[in-house]
Visitor: 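For reference, the structure I am asking about is given below.
When a ligand or atom number is given, it counts from 1 through the structure's own listing order.
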Amino acid sequence: MITVGLDIGSTAAKGVLVNCSNKCRTKIYYEIMPTGWSPRTTGEELLKRILASSHCSSKDIDKIAATGYGRETIPFTHKTITEITCHARGASYLAAGSSMVIDVGGQDSKIIKIDEKGRVLDFIMNDKCAAGTGRFLEVTSAALGLDVSDLGNFADFKNFAPINSMCTVFAETEVIGLLAKGVPKESIVAGLLNSVCTRIAGMACKFSRPSKVAFTGGVALNKGIQKALQQKLDTQIVIPQYAQFAGALGAALIISELRV
Ligand code: ADP
């Protein structure tokens, strides 16, 4: 059985091909590209790329599932599956034994309680504002002349400047004001990372304390966020190598078990 999961996110489109035709060895291929302005064209391109990297042809694929905010725009899928269901399943595969998934993407953040098979028990999602998401960090780090991928090496957590605004627009203004007062960039970065993690931890503490957390989504790759979240949550946090692909992987795994 060969299946493909496409996660057409607000910022990045992720594709995963799961080849379990060899019973002894499951092979998984990962591809990512910016979602851009046309999720449909991106979905087509992503499928081409994942076929090329896995040396498969479209005839080899048994089933395709799509998830993510752009999932309904992809015409060639067998099924669309909600993000929460897919992230839960994919994260559980990547970080087995987790009882909670914290997924922070470009424009939303989700906390999902899962069982041992990666099934959803409960969840909270913030998709109404950019606070506590990748977008918040992108906008505020741009005001500091930094790229989000630099934030991890730059933070001075010992002297962090508190950022009071949760709203992205106001936080950007606050950052500009702090710079004007001569506050070091390192302290402001630590304040921003702390602000995002306060928001995430506030959502997570609505559930009972997990023994192990899978931290997924593109923002999980941010070393600064990893450090700040570890300070806020007193539990084991696992960041899988393919953290950003949890949704696409979950879609590919779920569709392999469905009769469609
Ligand atoms: P979506 O599914 O909403 O498109 P993703 O889970 O793909 O979201 O994550 C996209 C976010 O991850 C963006 O805000 C981007 O800035 C952030 N991101 C991706 N890679 C990194 C990295 N190496 N360091 C910091 N942030 C990153």
Side-chain angles (χ1 to χ4, degrees), residues 5-16 30-40 42-43 45-46 49-50 65-74 80-91 94-95 101-112 123 125-155 168 171-172 189-190 192-197 199-200 214-229 239-252:
L6 300 174
D7 176 6
I8 311 298
S10 62
T11 312
K14 285 77 62 181
V16 169
Y30 301 88
E31 282 290 332
I32 186 166
M33 60 187 281
T35 298
W37 60 271
S38 168
R40 182 186 171 139
T42 303
E45 176 60 26
L46 192 57
R49 290 190 190 185
I50 197 99
T67 189
Y69 105 109
R71 62 184 178 270
E72 302 294 346
T73 63
I74 309 299
T80 57
I81 310 172
T82 69
E83 283 169 82
I84 298 290
T85 311
C86 291
H87 277 88
R89 181 60 190 279
L94 294 171
V101 181
I102 297 182
D103 184 276
V104 185
Q107 288 186 26
D108 67 26
S109 39
K110 325 171 186 50
I111 313 288
I112 316 170
F123 73 95
M125 185 165 176
N126 162 35
D127 58 356
K128 297 283 178 284
C129 84
T133 71
R135 188 78 192 128
F136 178 91
L137 289 173
E138 282 170 23
V139 171
T140 50
S141 56
L144 290 165
L146 296 169
D147 187 82
V148 275
S149 54
D150 300 329
L151 296 183
N153 306 321
F154 218 82
T168 307
E172 187 188 13
V189 168
L192 291 168
L193 297 171
N194 187 65
S195 162
V196 170
C197 290
R199 176 90 181 187
I200 297 168
F215 186 23
T216 61
V219 174
L221 304 173
N222 184 322
K223 297 253 181 300
I225 288 285
Q226 293 171 9
K227 255 184 253 169
L229 193 64
I239 299 125
Q241 183 186 357
Y242 293 103
Q244 202 169 357
F245 293 85
L249 175 60

Visitor: For the backbone of Ala131 and the side chain of Asn126, can you confirm whether one donor and one acceptor N or O come within less than 3.5 Å of each other?
Guide: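 Confirmed, Asn126 side chain pairs with Ala131 backbone.
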Visitor: Report, in ascending order of atom number, the atoms of ligand 1 lying under 4.0 Å from any heavy atom of Gln244.
Guide: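 Taking each heavy atom of Gln244 in turn, ligand 1 has 5 (P), 6 (O), 7 (O), 9 (O), 10 (C) under 4.0 Å.
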Visitor: Nearest protein heavy-atom contact for atom 2 (O) of ligand 1: which residue, which atom, what distance?
Guide: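 Heavy-atom neighbour on the protein nearest atom 2 (O) of ligand 1: Lys14 NZ, 2.8 Å.
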Visitor: Do side-chain atoms of Lys110 reach the backbone of Asp108 as a donor and acceptor pair under 3.5 angstrom?
Guide: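 No, because the side chain of Lys110 does not come within donor-acceptor range (under 3.5 Å) of the backbone of Asp108.
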Visitor: State the SG-CD1 distance between Cys197 and Ile225, to the nearest 0.5 angstrom.
Guide: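 It comes to 4.0 Å.
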Visitor: Which of the atoms of ligand 1 are close to Val148, meaning less than 4.0 Å from one of its heavy atoms?
Guide: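 With Val148 as reference, the close atoms of ligand 1 come out as 16 (O), 25 (C), 26 (N).
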Visitor: Return the residue, atom name and 0.1 Å-rounded distance of the protein heavy atom closest to atom 27 (C) of ligand 1.
Guide: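 Sorting protein heavy atoms by distance from atom 27 (C) of ligand 1 puts Gly218 O, 3.4 Å first.
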Visitor: Quick check: does any side chain N or O of Gln107 sit under 3.5 Å from a backbone N or O of Ala130, one acting as donor and the other as acceptor?
Guide: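 No; zero donor-acceptor contacts below 3.5 Å.
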Visitor: When only distance counts, is Asp7 in polar contact with ligand 1, meaning an N/O pair under 3.5 Å?
Guide: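 There is no such contact.
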Visitor: Parallel, tilted or perpendicular: which describes the rings of Tyr30 and Tyr242, with under 30° parallel and over 60° perpendicular?
Guide: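 Parallel: the ring planes of Tyr30 and Tyr242 meet at under 30°.
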Visitor: Please state which protein non-hydrogen atom is closest to atom 22 (C) of ligand 1 and give its distance, to 0.1 Å?
Guide: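 Going atom by atom, the protein heavy atom closest to atom 22 (C) of ligand 1 ends up being Leu221 CB, 3.8 Å.
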Visitor: Does some side-chain heavy atom of Arg89 sit less than 4.5 Å from a side-chain heavy atom of Ile81?
Guide: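 In short, these two side chains do not touch, never coming nearer than 4.5 Å.
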Visitor: How long is the gap from CE on Met125 to CD1 on Ile84, to the nearest 0.5 Å?
Guide: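 The CE atom of Met125 sits 5.0 Å away from the CD1 atom of Ile84.
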Visitor: Could you tell me which atoms of ligand 1, counted from 1 in the order shown, lie closer than 4.0 angstrom to a heavy atom of Ser149?
Guide: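 That gives atoms 24 (N) of ligand 1.
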Visitor: Under 4.0 Å from a heavy atom of Gly134: give me the atoms of ligand 1 that qualify, with their elements.
Guide: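 Those qualifying, in numeric order: 14 (O).
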Visitor: To which of Ser10, Gly152, Ser109, Gly9 does the heavy atom nearest atom 3 (O) of ligand 1 belong?
Guide: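 Shortest heavy-atom distance from atom 3 (O) of ligand 1: Ser10.
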Visitor: Can you tell me the protein heavy atom closest to atom 10 (C) of ligand 1 and the distance?
Guide: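 Residue, atom and distance for the closest contact: Gly106 N, 3.6 Å.
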Visitor: With heavy atoms of Ala12 as the reference, note each atom of ligand 1 found under 4.0 Å away.
Guide: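 Within the 4.0 Å cut-off of Ala12, ligand 1 contributes 4 (O), 7 (O).
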Visitor: Does Asp103 reach the main-chain N or O of Gly217 with its side chain, forming a donor-acceptor pair under 3.5 Å?
Guide: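 Indeed, once roles are kept as given, a pair shorter than 3.5 Å links the two residues.
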Visitor: Under a 4.0 angstrom heavy-atom cut-off, which atoms of ligand 1 come close to Gly217?
Guide: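 Contacts of ligand 1 toward Gly217, numbered from 1: 6 (O).
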Visitor: Among all protein heavy atoms, pick out the one at the shortest distance from atom 25 (C) of ligand 1; state its residue, atom name and that distance to 0.1 Å.
Guide: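 Atom 25 (C) of ligand 1 sits closest to the protein heavy atom Asn222 CB, 3.7 Å.
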Visitor: Please say whether Glu138 places an N or O atom under 3.5 Å from an N or O atom belonging to ligand 1.
Guide: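 N/O-N/O distance under 3.5 Å: yes.
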Visitor: Is the shortest heavy-atom distance from the side chain of Arg199 to the side chain of Cys129 under 4.5 Å?
Guide: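 In contact.
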